Novice: 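Before I ask anything, let me first share the structure, which is written out below as structure tokens.
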Amino acid sequence: FERSVVHQRLCWGALYLLAAGVALTSESRWLCPPSCRCNAALLEASCSSGQLPSVPDDLPQEAKLLNLTNNTIKTLERRQFHTSTQLLDLDLSDNLLAILEAEAFLGLQSLLRLRLNHNRLKIIPVGAFAGLANLQLLDISSNQILVFLDFTFSDLASLQFLKATENDLVFISRQAFTGLGSLQELYLDGGNLTAVPTEALAQLRVLRRLHCYRLGLNTLPNYSYRPLVHLKELVISHCLWLEALSGNSLFGLNLTSLSITHCNLSAVPYIPLHHLVYLVYLDLSFNPITYIHGNLLGDLLRLQELHLIGGSLLRIELGAFGGLVHFRSLNVSGNLLTTLEGGAFHSVDALKTLGLDNNPLACDCRLLWMVRRQPYVDFGGRRPTCATSVQLQSWDFLEFSRDELQTLLTCRQPRILNRKPQEVRVDQGHTVEFHCSADGDPVPSVSWLNPQLRLLSPDGRIRALSNGTLEVRYAQPQDSGTYLCVALNAAGNDSLTVSLLVRAFTSTSRTPFRLKGWPVLPSSPPDRAANEKLPFDVKTLLIAATIGFFSFFSSVSLCFVFMLFWSKSKGQIKHTATIAYVPRSAVSNGGTSNRQETSRFTMKLI
Ligand SMILES: *[C@@H]1O[C@H](CO)[C@@H](O)[C@H](O)[C@H]1NC(C)=O
Ligand SMILES: *[C@@H]1O[C@H](CO)[C@@H](O)[C@H](O)[C@H]1NC(C)=O
Ligand SMILES: *[C@@H]1O[C@H](CO)[C@@H](O)[C@H](O)[C@H]1NC(C)=O
Ligand SMILES: *[C@@H]1O[C@H](CO)[C@@H](O)[C@H](O)[C@H]1NC(C)=O
Ligand SMILES: *[C@@H]1O[C@H](CO)[C@@H](O)[C@H](O)[C@H]1NC(C)=O
Ligand SMILES: *[C@@H]1O[C@H](CO)[C@@H](O)[C@H](O)[C@H]1NC(C)=O
Ligand SMILES: *[C@@H]1O[C@H](CO)[C@@H](O)[C@H](O)[C@H]1NC(C)=O
Ligand SMILES: *[C@@H]1O[C@H](CO)[C@@H](O)[C@H](O)[C@H]1NC(C)=O
Ligand SMILES: *[C@@H]1O[C@H](CO)[C@@H](O)[C@H](O)[C@H]1NC(C)=O
């Protein structure tokens, strides 16, 4: 009996001690506020989704994490959390916060992470973050912040990560980022920002990663990011108006990763990029870029990856990735490419991933290299398909056996059509055309070489038209010679020579020079006698034609009349006249450009 009493007492005693122990460890500080759930072991208090209109009083003092997300808190008062000095994490996202008083977080000297995203903040008062000397992460995204004032973040000397996307920023003050001496990552959303906040960014001495969304710019200005010498990753995206990068816009940067996506670039910004010799990753997706030109990316020595998804690419020229020995990944899915030749790469053997799906590919011999490399290349689960070949229509052509493909992926060498010897003799000043058209598969390119074997361009007096015709206007004796038409495709070439002989005017066969199709001058032409006696030098006329006939002739005739009188009165003739003119095009653009170069030339008089 006594034993049992002793047992009972011991039992009660033990229970009492246990209860006292529990009470001692959690202490009165772990009185959890009614709407919260607390985890004493982890020192976490979660008051989320409790429809709390304000921060609860009597917050547990020892808590390391306080989660107040998804409530209806509207205001944070000064020293709102001064009792929770041990907090490391504070989550106030998804509330209705509109008012943040200065020193709201004073006392949270241990706080590492603060989340204020998805609230209704329009402005952050200077001093709001006072006392947060150890804060490493701050998320103020998805608010309605319009401006960052000077010294807004000046108390956050340890901050490493700042996310401020999805705000309505229209202005970032010059000193806004002063004090952020440890910031490594910044995510900014331009809203309608019309300038890169270069001077504010200049405060961020150790920034390594910068994402800028929705900048309202047409052109990225020179030296936009100049002071950011440690920046490694730059992302510019959703800039619907951004059409170009100034030549020096990325000057001063030493990036390894650059993305400019969902913008309005119509060309690869070769010049702004060329100094980025440490660049490894380049993403220009969702820009209306039409070409990747040959041999213009060669300066990017270490480039490994290029993404240009969802663009308007029509062609990747041969040599596009020439010189890029480390290049191993290309993703150009969702473009308008009809082919991708192995010659675009420095070496196709280095290529490890290739995204080429959703392009209207012509399946011919130009893709044979891909068949050969197929076992070693990752097509990202979406392999290229044929759009044009009848037999291979919409087939994943890489499914075919190699032997089949040798017969299916074929090309036909170019053949120049209607070839007959063309030999033309004309008098000086006439216009001559030579035709050259070719067929083949793929459709060959036709080009013309002059007698000196130089490639003729589509403009100039002697020009190769895009339909294959060579046009020699106002033929000159020195144009005489043998011209060569070359038709070229992936399967080979064909060529055709034509010859031209231009007879010069001689003293016996001189006839008045007329240009067909030119309008009759409404104003009085130069002295008729002089005109018949000695026609204009053809070269002069051509110059006249290029500057604009009327302005030229009115000034010339004025000069002539003037000189006629002058020579009659003086009784002697001056043989040259210098005429200054302002090109018409420059005058008509005069409103926007000041480049009214005055040109001069000398012409001979009778
Ligand atoms: C937010 O809280 C409400 C109740 O206040 C709840 O119905 C809703 O599911 C919560 N949302 C999330 C994302 O937790
Ligand atoms: C706070 O709670 C929400 C919902 O319970 C959760 O999604 C969120 O991650 C929590 N925040 C932190 C910092 O743990
Ligand atoms: C930018 O400005 C336009 C009109 O000027 C407005 O419709 C749009 O909402 C603004 N965007 C932001 C993010 O403020
Ligand atoms: C994009 O650029 C083209 C010209 O390159 C221009 O016509 C178009 O309006 C631009 N789009 C926007 C949204 O500015
Ligand atoms: C930007 O720099 C380039 C290269 O020095 C220069 O040609 C261009 O005129 C500059 N643009 C502006 C707007 O200053
Ligand atoms: C550029 O960055 C690379 C690595 O990202 C580094 O090795 C190199 O020293 C840097 N160059 C300069 C001039 O800072
Ligand atoms: C190319 O990009 C698209 C779209 O992001 C992706 O689905 C595909 O897997 C990528 N291809 C490769 C080979 O990485
Ligand atoms: C090519 O175009 C020019 C003018 O545009 C024309 O004179 C010529 O006849 C054309 N050539 C052919 C082969 O159609
Ligand atoms: C044209 O083909 C011949 C061989 O048929 C080749 O020697 C020559 O280099 C080719 N010319 C061009 C411009 O490709």
Side-chain angles (χ1 to χ4, degrees), residues 218-220 236-237 239-247 249-250 258-276 279 281-300 303-324 327 329-348 351 354-364 366-367 369-370 384 387-388 442-447 455-459 463-468 486-490:
N218 276 322
T219 306
L220 196 66
I236 297 172
S237 83
C239 302
L240 298 181
W241 296 282
L242 189 69
E243 286 170 27
L245 272 62
S246 301
S249 53
L250 304 177
L258 174 64
S259 303
I260 306 175
T261 60
H262 293 96
C263 295
N264 200 12
L265 298 181
S266 54
V268 176
Y270 301 104
I271 292 171
L273 291 183
H274 83 100
H275 71 281
L276 298 175
L279 200 69
Y281 178 95
L282 177 60
D283 190 347
L284 297 170
S285 297
F286 302 103
N287 279 290
I289 294 173
T290 46
Y291 291 93
I292 301 179
H293 294 284
N295 303 309
L296 290 179
L297 291 170
D299 290 331
L300 307 180
L303 195 70
Q304 295 181 8
E305 268 187 60
L306 174 67
H307 295 246
L308 211 166
I309 301 156
S312 309
L313 277 180
L314 296 167
R315 182 131 193 256
I316 296 180
E317 290 184 354
L318 293 177
F321 309 113
L324 305 183
F327 196 76
S329 177
L330 175 69
N331 195 342
V332 286
S333 75
N335 279 286
L336 303 170
L337 292 170
T338 52
T339 195
L340 176 60
E341 291 178 71
F345 300 94
H346 182 81
S347 154
V348 293
L351 199 68
L354 178 61
L356 193 58
D357 55 295
N358 287 302
N359 279 288
L361 292 179
C363 282
D364 55 40
R366 290 173 292 178
L367 299 183
W369 69 271
M370 230 178 277
T388 53
V443 177
S445 68
V446 173
S447 46
L455 197 64
L456 290 166
S457 73
D459 32 51
R463 55 183 189 153
L465 300 171
S466 57
N467 62 8
V486 180
L488 186 70
N489 74 7

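Source: prediction; values computed, not measured.
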Novice: Please identify each residue that fulfils salt bridge (Lys or Arg N to Asp or Glu O under 4.0 Å) with D283, with sequence neighbours left out.
Specialist: none

Novice: Which residue in the set L306, I289, L356 passes side-chain contact (heavy atoms from CB on, under 4.5 Å) when paired with V332?
Specialist: L356

Novice: Rounded to the nearest 0.5 Å, what separates atom CD1 in I292 from atom CG in L314?
Specialist: 11.0 Å

Novice: Locate the shortest heavy-atom distance separating G322 from N295; write the atom from each residue and the value.
Specialist: CA-OD1, 4.4 Å

Novice: What is the minimum heavy-atom distance between A490 and R366, and which atoms define it?
Specialist: CB-CG, 3.4 Å

Novice: Can you list everything that forms a side chain to side chain donor-acceptor pair (under 3.5 Å) with N335? Sequence neighbours excluded, please.
Specialist: none

Novice: Can you name the closest pair of heavy atoms from P272 and P269 and give their distance?
Specialist: CD-O, 3.2 Å

Novice: What's the spacing between I260 CD1 and L282 CG if we round to 0.5 Å?
Specialist: 7.5 Å

Novice: So which of L300, D299, L296 actually passes side-chain contact (heavy atoms from CB on, under 4.5 Å) with Y270?
Specialist: L296

Novice: Run the side chain to side chain donor-acceptor pair (under 3.5 Å) test against D357 and tell me which residues pass, sequence neighbours left out.
Specialist: R382

Novice: Run the ring-ring contact (aromatic ring centres under 6.0 Å, His included) test against H262 and tell me which residues pass, sequence neighbours left out.
Specialist: H238, F286

Novice: Report the distance from atom CG of N359 to atom CG of L340, rounding to the nearest 0.5 Å.
Specialist: 9.0 Å

Novice: Please report the shortest heavy-atom distance between W241 and N264, naming the atom on each side.
Specialist: C-CB, 4.3 Å

Novice: Quick one: are S447 and L456 in side-chain contact, heavy atoms under 4.5 Å?
Specialist: no

Novice: Tell me, please, which residues at least two apart from R315 pass salt bridge (Lys or Arg N to Asp or Glu O under 4.0 Å).
Specialist: none

Novice: Nearest 0.5 Å please: distance from the CG atom of L250 over to the CD1 atom of I236.
Specialist: 6.5 Å

Novice: I'd like to check the ring-ring contact (aromatic ring centres under 6.0 Å, His included) partners of F327; sequence neighbours left out, ordered by chain and number.
Specialist: F321

Novice: Take H293 and V268 through the side chain to side chain contact (heavy atoms under 4.5 Å, CB included) test and state the conclusion after the steps.
Specialist: CA-CA 9 Å; H293 294 284; V268 176; over 6 Å; no

Novice: Any side-chain heavy atom of I309 within less than 4.5 Å of one from N358?
Specialist: no

Novice: Rounded to the nearest 0.5 Å, how far apart are CG of L351 and CE of M370?
Specialist: 9.0 Å

Novice: What pair of heavy atoms forms the shortest contact from L245 to L265, and how long is it?
Specialist: CD1-CD2, 3.8 Å

Novice: Measure the spacing between CG of L303 and CG of L273 and express it to the nearest 0.5 Å.
Specialist: 9.0 Å

Novice: Can you see which heavy atom on S333 is nearest to which on N331, and at what distance?
Specialist: N-OD1, 3.2 Å

Novice: Donor-acceptor pair, S246 side chain versus L220 backbone, under 3.5 Å?
Specialist: yes

Novice: Would you say that S249 contacts T219 through its side chain, given a criterion of any heavy-atom pair below 4.5 Å between the two side chains?
Specialist: no

Novice: Tell me, yes or no, whether the heavy-atom count around I271 atom CD1, taken from other residues, nucleotides or ligands under 6.0 Å, exceeds 12.
Specialist: no

Novice: Kindly indicate whether the side chain of S329, heavy atoms from C-beta on, has any atom under 4.5 Å from the side chain of Y281.
Specialist: no

